[in-house]
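We count ligands from 1, going down the list as the structure has it; atoms in each ligand are counted the same way.
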Amino acid sequence: MNNTKKSRILVIDDEISITSSLKRTLEVAGYLCDTANCGRDALKKLRAENTVDLIITDIRLPDISGIEILDIVRIKYPFLPVIVITGYASIESTKEAIRKGALDYLPKPFTSGALINAVKQALRSSSMRCQYKDLYHIVYQSSSMEEIMDMVTRVGRTESTILITGESGTGKELIARAIHRNSRRSTQQFVTVNSGAIPEGLLESELFGHVKGAFTGAIATSHGRFHVADGGSLFLDEVGNMSLAMQVKLLRVLQDGEFSPVGSSDVVKTDVRLIAATNMNLEQAISSKTFREDLYYRLNVIEIHLPPLRQRIDDILPLSEFFLSRLAGSEHSKKLTLSSTAVSALLSYHWPGNVRELENIMERASILCDSESACRPKPGSGY
Ligand SMILES: Nc1ncnc2c1ncn2[C@@H]1O[C@H](COP(=O)(O)OP(=O)(O)OP(=O)(O)O)[C@@H](O)[C@H]1O
Ligand SMILES: [Mg+2]
C-alpha cells in the first residue's frame, strides 16, 4: 500500500448522529471519510467515486440492507473490504454478513480504538487480497455491462440454470465464475467442461464418470465432472456442440438431478447448479434439428447475453488500461500509456475477437513497445 495516500472510507448508517461521529473519529485518525444514510445513496457514491478503499456499514438500513450491499460489493468491487457494524440483536445477520464476505464486524457500542484497529486490519488485508485480484476481476463502464452485473448479483442468489450467450471472447466464462462466487455454492467447486473440446466418445464419461471395464481403456472406476461439482456449479461451455444423444442425457440430469455412470445402471443423485454457455444461435440450431428444443428451454431459464465489444465502446479504454496495468505488474516493467492515435484506433476497431483480442493486443504491445508513452497497439493484427 502506498503510505502517502490517504485511504478513503465510506460509512453507511441510517442514523446521522452515528455517521457524523464515525466520520469525525476517522478523520482525526488521518482517513478521508464520506457518509451515506441509506443503501441507495451509498451505491450511488460508490459508483460515482470508484475510489473507496473501505466500507463500514450498518446492517439495518431503510432501503437496501447491509447484506444486499455486501452482495453487490462482492460482485462489482470484489476486493473492496467491508466492516459491518451492528446491534447485538442482529447476531444472525452478522453471521450471514461474515459468510457473505464481510471482513470484520463491530457490535455497537464500540470504542474509537476498536474502530481504528478494525479499519487498519481491513485495509492491510485488502492490500494483500489486491495482489490476487487480477485473475477474475471484471472491468466495465458501459451501461449494458452494468445491467449484466446487476443481473449477476440477482441470479447468484437463485438456483436457476443459466444460459450465457455471446460471441467468442466476450467474457462468458468470467461471468459464469462471478455467478458462482455470488451464490450460496461459492465455497464449493466451480467445475468447467468444454463440450466442444472433448471428443464425442469421451464426453459422456467425462461428465458422468464410468465404471471399471465400461469400455476399452477403462481400467479403473472414475468419477465424472457432475460428481466432482456436487454441491457446487458446473460450467458447460460450448453446449451447442453436444451431440443429440448427449443432449438427452443432459436433459435427464436437469430434470431429475440424476445420472448413471457409463457402464453402470446405478442411479447417482447430484446437486449441481448448471451454467451453460454458447456462441451459437441455439434457436437456429433448433430449427435445423441439431439442438433439442426441450433442452433449450431447460437451460434457458435465465439468459444472459454478453454484447460484442464493438457494441460497448465505453468498455474499451477501461479494459485496455486494466490489461496494461496487469501486464506491467507481471512483467516487472513500467506501465505503458496509450498514445492518442492508439486510443482512436482502439475505439474505431470492430473487435471480432472481443475482449480476448483486446487482451492479446495489449500483451503484444507491451512486449513490442519500447517507449513508455508512445505505445500504439495495432488492432486487427490477429488474435
Ligand atoms: N469485462 C472483463 N474484464 C476483464 N477481463 C475480461 C472481461 N471480459 C473478458 N475478459 C478476459 O477476456 C478473456 C476472454 O474471456 P472469457 O474466456 O470469459 O470469454 P468467453 O466468452 O468464454 O470466450 P470463448 O467463447 O472463446 O470461450 C479472458 O482472459 C477474460 O479474463
Ligand atoms: Mg469460454
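- A donor and an acceptor atom, one from each side chain of Glu357 and Asn360, are nowhere located under 3.5 Å apart.
- Under 4.0 Å from ligand 1, not a single heavy atom of Phe235 appears.
- Residue Met145 places no N or O, backbone or side chain, under 3.5 Å from any N or O of ligand 1.
- In terms of polar-atom proximity, defined here as any N/O pair under 3.5 Å, Gly169 does make such a contact with ligand 1.
- Those atoms of ligand 1 that come under 4.0 Å of a heavy atom in Asp237, given as number and element, are 27 (O).
- Ring geometry for Phe226 versus Phe259: interplanar angle of 30 to 60°, hence tilted.
- Taking 4.5 Å as the limit, every side-chain heavy atom of Phe208 sits out of range of all side-chain heavy atoms of Leu203.
- Between Leu123 and Asp53, the shortest heavy-atom distance links the atoms CD2-O, 3.8 Å.
- Numbered from 1 in the order shown, with element, the atoms of ligand 1 that lie under 4.0 Å from a heavy atom of Val139 read 1 (N), 2 (C), 3 (N), 4 (C).
- The Ile138 neighbourhood of ligand 1 comprises atoms 1 (N), 3 (N), with distances under 4.0 Å to a heavy atom of that residue.
- Taking only nitrogen or oxygen atoms, main chain and side chain alike, Glu359 reaches within less than 3.5 Å of ligand 1.
- Classification of the His223-His227 ring pair by plane angle, with boundaries at 30° and 60°, yields parallel.
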Test Lys108 against Asp13 for salt bridge (charged side-chain N to carboxylate O under 4.0 Å, His left out), laying out the working first. CA-CA 12 Å; Lys108 286 182 200 169; Asp13 197 302; 3.4 Å; yes

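- Taking the side chain as every heavy atom from C-beta outward, Val73 and Leu46 approach each other to under 4.5 Å.
- The nearest non-hydrogen atom to atom 14 (C) of ligand 1, considering only Met149, Glu238, Arg356, comes from Arg356.
- The heavy atom nearest to atom 30 (C) of ligand 1, considering only Asn354, Val355, Asn360, Leu174, is found in Leu174.
- Residue Gly171 places at least one N or O, backbone or side chain, under 3.5 Å from an N or O of ligand 1.
- In summary, the atoms of ligand 1 found under 4.0 Å from a heavy atom of Glu173, numbered by their order in the structure, are 18 (O), 22 (O).
- Contact check for Val52 versus Ile9: no side-chain heavy atoms found under the 4.5 Å cut-off.
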